[in-house]
Every structure is written in C-alpha cells, then in structure tokens.
Amino acid sequence: MAKAWDLNTVRNIGISAHIDSGKTTLTERILFYAGKIHAIHDVRGKDGVGAKMDSMELEKERGITIQSAATNVHWKDIEINIIDTPGHVDFTVEVERSLRVLDGAILVLCGVAGVQSQSITVDRQMKRYNVPRVAFVNKLDRSGANPFKVMTALREKLHHNAVMAQIPIGTEDAHEGVIDLVTMKAYYNRGDNGETVEEMDIPAEYMDQAKEYRQLLIAAAADFDDTVGEKFLMEEEPTMEEMKVAIKKGVHSLKLTPVFCGSAYKNKGVQKLLDAVQDYLPNPNEIQNTGLDQDNDEADINLTTDPEDPLVALAFKLEDGRYGQLTYMRIYQGTLKKGEFIYNMTNDKKLKVPRVVRMNSNEMEDITEAKAGDIVALFGVDCASGDTFTDGRANITMTSMFVPNAVISLAVTPKDKSGAANFTKALNKFRKEDPTFRVHRDEESAQTIISGMGELHLEVYVERMKREFNVEVVTGQPQVAYRETIGGSAEFDYTHKKQTGGSGQFAKVVGSIKPMDANSEDLYEFNNKITGGRIPREYIPACDKGFQEQMAKGNLIGYPIVGVSVDLIDGAYHDVDSSEMAFRICSMAAFREAYNKAQPTALEPMMKVEVSAPEEFQGNVMGQINQRRGIIQGSQANEGFSTVEAEVPLSEMFGYSTELRSATQGKGEFTMEFARYSAVPRNVQEELVKAYEKKKEEENK
C-alpha cells in the first residue's frame with residue numbers, strides 16, 4: 001500500500017547559481033545518492049552521455065543548462081522535488097519561473113570565484129519571491145578554493161547574514177571531507193563514488209577552528225530562538241536539536257544563510273547537504289502562499305494546504321514532449337485527479353485531466369492524483385505559462401512571475417518556402433514555452449522579428465528550429481531595442497478641424513510635455529488638469545490613448561518613446577463635431593508637434609558585463625571594453641584570474657565572444673545582463689537618425 005501523502009516530508013527546492021558553478025553536477029550526485037540513477041555522468045563527460053538533468057541534445061553539446069528540469073527523489077524520511085535551473089542570464093526566465101513555485105533553494109557558489117555576477121542576479125530573484133535558502137560552496141577540490149572567503153563575499157556583496165554551518169577538512173588536493181558544526185563530528189565520503197558517509201571524531205588539528213566557528217554559529221542562531229539565546233548568554237552549550245530549531249527559524253525568516261561546503265565533482269559533502277535540506281528548508285505547510293480573490297477585487301487570499309479544499313494550481317512551465325505539450329504544475333491547494341475536470345482561469349476553458357505524471361528529468365512515472373504542495377506534469381493541457389487552474393469551486397488566480405523586457409532582436413526567414421509551415425509552428429511553440437521569447441512582424445520591412453535576452457538565447461532557438469522542426473533559417477543583422485525620450489519641456493496648443501459633408505471633426509488640446517524623473521520606473525505619465533469642463537470627461541481617456549499611441553513610435557529614429565509626463569491643461573470641444581476619435585487624432589498630432597521641440601534623444605540599452613580571464617590578459621580585456629564604448633567600473637584579481645566589471649552598450653557587444661576568445665587564448669569568458677537605458681553619444685545619434693531617414697525614403701519610393 002502506498003504511504004499516505006504527508007506534507008511535512010515534502011521539500012520543493014531549486015538549485016540556482018552563476019553559470020559553471022556546478023549546479024547540474026550537484027543535482028547529478030543528488031540523484032545518484034538518492035537511488036534515482038545508478039551511474040554518474042558528468043556535464044562534459046568523456047562517455048558522451050551527459051548529465052541526467054541536461055536532457056536536450058544542445059545542452060549536452062554546449063555543456064550548459066538551457067531549460068530548467070524537474071525531478072523527484074526520496075532522501076531518508078523526505079521526498080524532494082528538485083528543479084535544476086540554468087545559470088546563464090539569457091535563460092533567466094527559467095530561474096524566475098522556478099523560484100516562483102519553490103519553497104526553498106540551494107544557492108551554489110564556486111569555492112574559487114565566490115560571488116559572481118549571476119549569483120547576484122539569482123539572489124535578487126530569490127529575494128523577489130521570498131525564497132529561504134542555504135548556501136553550498138562547491139569545487140573545494142580546485143586550487144585556490146576558500147569557503148571562508150566565499151562566506152565573507154556573501155556578507156559583503158549580497159548582504160546575507162551568512163555563517164559557516166560546516167568547515168572543510170582540507171581544501172584543494174587535500175580536501176577530504178567536512179566538519180558539521182551542529183553535531184561537532186567529521187564526515188568523510190568513502191567508496192568509488194563517495195556513497196558511504198563515515199562519521200568520525202574531529203581531527204585534533206581542526207578542533208580549535210571548529211570550536212571558533214561553532215561559537216559564531218551559536219551566536220547567529222541565538223537571535224532566532226530564546227532557548228539558544230539564553231544558553232548563549234549563560235555560556236552553556238545548546239543541544240543539537242535546539243541548534244537545528246534555531247537555524248531553521250533563521251532560514252525561514254530569510255535572515256540567516258547557513259553555509260555548507262564540499263565538492264560535487266569529487267563526491268564530497270552532498271549527502272550532508274541533503275540532510276540540511278531536510279533539517280532547515282521549509283515544507284509546503286511552513287510557507288504561506290497567497291492567491292488573488294477574483295470575487296473580491298483581487299484582494300490577497302491565503303491558500304491552505306488542505307487536500308479537501310478547492311483546487312488551485314499554477315502552470316509554471318511548458319515543454320514539448322514526445323506525446324505533446326507537457327505542462328509543469330505546482331499544486332497550492334486541494335487535489336488534482338486524473339480524469340476530473342479543471343478550469344483555466346485565464347480563458348475560462350474547461351478541460352479533462354488526461355494524464356498526470358511525476359517527472360525525473362525526461363523520464364516520467366504515471367500517478368492518479370496529486371495533492372497540495374506537490375509539483376507534477378500534465379499531458380494534453382492547452383495553456384500558456386503562468387495560467388492558474390481550479391476545479392471550479394474557487395475563483396482565485398495566482399500572481400504571475402516577473403518577465404524582463406527583451407533587449408535584442410533578429411530578423412529570421414525560412415531558407416526554403418517549403419519550411420514556412422514548420423517555421424510558424426516552431427515560433428508558436430517557443431513563444432508559448434518561453435515568455436521572454438517574443439515574435440512580431442515588422443509591417444514596414446515585412447520581416448519576422450524574434451526578440452530575446454541575448455545572442456545566445458536567440459542562437460539556441462535558431463538551432464532548435466533546425467533540429468526539432470527541420471527548418472533552416474536565414475538570420476538578419478541583430479537589432480538593438482533602442483528607445484527615444486525627451487531632454488526638455490515643450491508646450492502644445494493644437495486644434496484638429498475637419499469639415500466634409502455631414503458632421504465634421506473638432507477637438508482642441510492645450511498642455512505640455514516634460515521628462516520624467518530619471519529614477520522613475522514608469523515609462524509614461526498622464527496628468528489631467530482640465531477644469532470647468534473645457535473638455536468633457538468622456539473624452540479625457542481618448543486624449544490619453546492618443547498620446548500613448550503617438551509614443552509607440554518616435555519620429556527621431558522610429559523607436560518607442562519612454563519617460564514622458566504629459567499635462568493636459570486646457571482645450572475646447574464642439575457639441576456636434578467632437579468625438580473620441582477627434583480627440584484621439586488631435587492628441588496624437590499635438591504630441592508629435594511638441595515632441596520635436598522637446599530635445600528628442602535616442603536611448604540605448606547598457607549591459608552590465610563581467611569578464612573573467614587570466615591576469616596576464618587583463619590589459620587586452622580592458623582595451624577591448626574601452627574600444628566598445630564601455631565604462632569600466634572595477635576590477636579585482638583572485639588566484640591568478642582577473643575579473644573586470646563594466647557597462648557596455650549592447651550595440652557594441654555583437655561578436656564580442658569571438659574577439660574575447662582570440663585575445664585570451666580561449667581562456668576568457670563573460671556574462672552580461674541588461675542594466676539600464678542611457679542616452680547615446682551625439683555622433684551615434686546622428687548616424688541612427690540618418691539611417692532612419694534613409695529607411696523612410698526607401699519606403700516612400
């Protein structure tokens with residue numbers, strides 16, 4: 001008989017980190033020790049099999065994780081749903097969608113590089129969704145590894161209250177195991193694959209260091225639990241159980257990050273990390289999830305983990321499997337049963353649940369029902385990423401995840417006309433799967449434009465079209481998502497009159513436009529300052545709409561206008577000839593007229609770039625960044641490697657990876673992510689204006 005579903009034994013966790021910190025390798029070891037797989041394959045293994053969690057051919061070739069993969073393992077008394085997420089910023093939405101549905105996370109850090117740019121990004125994402133986490137310092141077998149330095153970086157760079165929960169027994173070649181500061185025992189991994197964990201007394205030479213760090217751990221834990229607090233003040237030793245309770249409280253409150261250490265590649269410290277997941281990360285009962293009550297003006301409503309309550313589930317990821325669309329779902333409340341009807345709250349569609357499976361990367365096991373707190377996958381459910389499902393008894397939706405804006409676009413066309421149908425099919429599938437992948441048709445150039453988070457992001461989709469849909473595509477020059485704004489204020493006073501047979505059109509608007517505060521997150525602001533009914537109230541929304549429509553495409557370089565505040569001060573109307581349409585057209589023309597007088601300026605996306613390369617190439621790296629109009633913000637050297645941080649315009653980053661490799665003998669690597677929009681230099685703006693005018697001339701011929 002299957003054992004009863006007990007939420008207290010469930011953990012929904014994610015593993016996230018900077019690219020190349022060893023997330024997938026760590027997940028591979030977890031699967032092995034939990035008995036899910038019977039042999040270990042490495043990410044870039046010589047056997048060509050590739051890691052279990054990198055099931056896509058492209059992932060195996062490139063040695064990176066592209067899609068987040070889900071799996072389920074049993075460890076001692078608990079059941080863990082694990083999502084291994086990509087580290088590369090181009091696939092950042094995979095991390096967003098995973099953290100949205102997880103209850104806890106393991107932040108993996110490289111023992112040598114420590115806190116890197118992507119670590120900062122995933123940490124920001126964890127904070128956005130209030131995800132409790134523990135830190136794991138990996139790669140302690142590598143030369144230059146120092147977990148204490150990483151802990152300090154966690155405190156300084158990420159502002160975590162980080163404390164060592166373990167200290168290593170040796171580092172680099174001498175890394176043998178870990179000392180647990182709660183149990184005050186040493187743990188060594190034995191056997192060919194480290195499958196046997198041997199508990200021993202702490203070696204004499206590490207005793208003083210262990211005592212010192214244990215005191216720091218007790219001092220940190222004392223802030224979260226009165227029992228430990230009192231014992232700390234009385235200089236008494238808390239028991240192991242008291243310590244675990246206090247650390248757990250600190251982790252759940254997001255105010256404590258215990259640091260664990262080891263080397264996944266060398267099979268050290270992974271089992272003890274799983275024990276930490278059991279001891280410190282929350283089960284679904286310990287997290288309060290909220291939905292939006294559609295019957296009560298979207299007020300927050302607390303969800304329960306009671307399997308008898310109305311069903312509320314969130315589709316957080318879509319994937320095309322061998323048997324059609326696979327929809328990953330987190331169940332927040334109630335029970336999902338095979339064969340029963342569920343409702344999509346986004347489009348009110350009713351559908352029958354055809355098949356429910358529990359995932360293990362790309363393998364699956366069929367189950368008949370899943371209860372609150374579980375993460376499962378469904379087949380044959382047509383929906384989009386971020387849709388909420390209920391059983392019809394509740395009118396609740398979940399807040400969707402944060403989706404960053406695209407920064408780069410590419411024109412794509414199928415090589416052969418015969419591939420057009422598959423080309424469309426591929427684009428529709430990718431768009432459904434990935435909210436950061438956008439597709440639109442440029443009516444002027446009649447081209448299909450795909451937009452995404454970076455060159456690698458779009459490269460992967462072009463490659464997937466070729467492999468999965470047999471469509472060779474031709475790609476045009478990458479397009480940067482420029483924006484326009486204004487540098488000064490300008491007034492408008494515009495009258496729109498049109499008299500033809502029958503009723504005419506009449507509208508008059510008076511007001512001003514001015515730049516918005518640079519720190520404002522809003523892109524547009526409309527202030528209605530009309531008094532005395534100079535423009536009837538029913539026409540005000542039409543004016544607002546007209547201004548917004550005109551901002552969709554600026555007349556400087558043809559890109560959307562942002563950061564403008566519009567004040568509507570006065571106007572006039574006609575009893576017969578005024579209409580919504582007349583005021584909309586009038587507002588568009590008024591904005592156009594004022595815009596040209598308000599010092600229009602082009603903006604370009606600036607990218608936060610972090611380049612790491614051996615120290616002897618530091619000069620080359622900095623030279624290249626300067627050539628690309630980059631502003632260097634800092635550099636640091638660490639164990640023979642130098643890391644340079646800079647802000648560089650995206651338009652200057654094309655082809656950078658090839659140039660960096662040739663300048664550093666293939667040893668340099670970089671990550672970049674969108675930082676902000678910034679005004680382009682005058683000479684660049686002149687070129688952009690010329691190019692836009694030339695394009696308009698060609699279109700008018």
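All values reported here derive from a predicted model rather than from experimental measurement.
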Within-4.5 Å side-chain heavy-atom neighbours: Lys272 and Phe260:
no
Say you draw a straight line from OG1 of Thr183 to CG of Asp275; how long is it, rounded to the nearest 0.5 Å?
9.5 Å
Taking Glu369 first and then Lys371, would you say they form a salt bridge - that is, a charged N and a carboxylate O separated by under 4.0 Å?
yes
Between Glu241 (side chain) and Thr239 (backbone), is there a donor-acceptor pair under 3.5 Å?
no
Treating Glu645 as the side-chain partner and Glu610 as the backbone partner, does any N or O pair qualify as donor plus acceptor under 3.5 Å?
no
Any ring pair (Phe, Tyr, Trp, His ring centres under 6.0 Å) pairs touching residues 154-200, not counting sequence neighbours?
none
In terms of side-chain geometry, is the basic nitrogen of Arg355 or Asp366 positioned less than 4.0 Å from the acidic oxygen of its partner?
yes
Looking at Thr227, is its backbone amide N or carbonyl O close enough to the side chain of Asp225 to form a donor-acceptor pair, meaning the two atoms are under 3.5 Å apart?
yes
Taking all heavy atoms of Ala264 and all of Val270, pick out the closest pair and write down the distance.
CA-CG2, 4.1 Å
Taking Thr305 for its side chain and Ala372 for its backbone only, find out whether a donor-acceptor pair lies under 3.5 Å.
no
Taking only Lys NZ, Arg NE, NH1 and NH2, and the carboxylate oxygens of Asp or Glu, determine whether Arg330 and Asp103 approach each other closer than 4.0 Å.
yes
Residues in side chain to side chain donor-acceptor pair (under 3.5 Å) contact with Asp173, at least two apart in sequence or another chain:
none
So do the side chains of Arg133 and Lys127 get within less than 4.5 Å of each other, counting heavy atoms only?
yes
Answer yes or no: is there a side-chain heavy-atom contact under 4.5 Å between Val150 and Val259?
no
Within the distance-only criterion (no hydrogens, no angle test), does the side chain of Asp279 pair as donor or acceptor with the backbone N or O of Lys244 below 3.5 angstrom?
no
Just how far is it from atom CG of Asn283 to atom CD1 of Ile80, taken to the nearest 0.5 Å?
12.5 Å
Taking side chain as C-beta onward, heavy atoms only, is Leu378 less than 4.5 Å from Leu336?
yes
Would you find a donor on one side and an acceptor on the other, under 3.5 Å apart, between the side chain of Arg11 and the backbone of Leu281?
yes
Any side-chain hydrogen bond (donor to acceptor under 3.5 Å, both in side chains) pairs touching residues 208-223, not counting sequence neighbours?
Arg214-Glu237
Please find the pair of heavy atoms, one from Ala145 and one from Lys139, that lie closest to each other, and give the distance.
CB-O, 3.7 Å
Between the side chain of Asn12 and the main-chain N/O of Gly373, is any donor-acceptor distance below 3.5 Å?
yes
Pairwise side-chain contact, Lys248 with Phe224, heavy-atom cut-off 4.5 Å (strictly under):
no
When rounded to the nearest 0.5 angstrom, what is the spacing between CD in Glu79 and CG in Leu7?
10.5 Å
Are Val101 and Tyr129 packed together at the side-chain level, in the sense that at least one heavy-atom pair is separated by less than 4.5 angstrom?
no
Grab the two heavy atoms, one from Pro282 and one from Ile287, that are nearest each other, plus how far apart they are.
CG-CD1, 3.7 Å
For Arg29 and Asn267 the tightest heavy-atom approach is NE-OD1, 2.6 Å
Distance-only, no hydrogens or angles: does the Ser263 side chain make a donor-acceptor pair with backbone N or O of Leu140 under 3.5 Å?
no
Under a 4.5 Å cut-off applied to non-hydrogen side-chain atoms, are Leu102 and Ile375 in contact?
yes
What is the distance from atom NZ of Lys249 to atom CG of Leu256, rounded to the nearest 0.5 Å?
13.0 Å
Keeping Tyr280 on the side-chain end and Thr257 on the backbone end, is there a donor-acceptor pair under 3.5 Å?
no
Find the distance between CH2 (Trp75) and OG1 (Thr9) and round it off to the nearest 0.5 Å.
15.5 Å
What closest approach, in Å, do Cys110 and Arg142 show between heavy atoms, and which atom pair accounts for it?
SG-NH1, 4.2 Å
side-chain contact (heavy atoms from CB on, under 4.5 Å), that's the test. Do Arg155 and Asn161 meet it? Break it down for me.
CA-CA 6 Å; Arg155 287 171 166 268; Asn161 180 12; 3.7 Å; yes
Sorted by chain and residue number, the side chain to side chain contact (heavy atoms under 4.5 Å, CB included) partners of Thr171 (sequence neighbours excluded) come out as Pro147, Pro168
Separation between CG (Leu154) and CG (Leu109), nearest 0.5 Å, reads 5.0 Å
Using only atom types and a distance under 3.5 Å, with no angle test, would you say the side chain of Asn189 pairs donor to acceptor with the backbone of Gly194?
yes
For Asn130 and Pro132, work out which heavy atoms get closest and say how close.
O-CD, 3.5 Å
Side chain to side chain contact (heavy atoms under 4.5 Å, CB included) partners for Gln288, two or more places apart
Asn302
Side chains of Asp180 and Val178: does their closest heavy-atom pair fall under 4.5 Å?
no
With sequence neighbours excluded, residues passing side chain to side chain donor-acceptor pair (under 3.5 Å) with Lys157
none
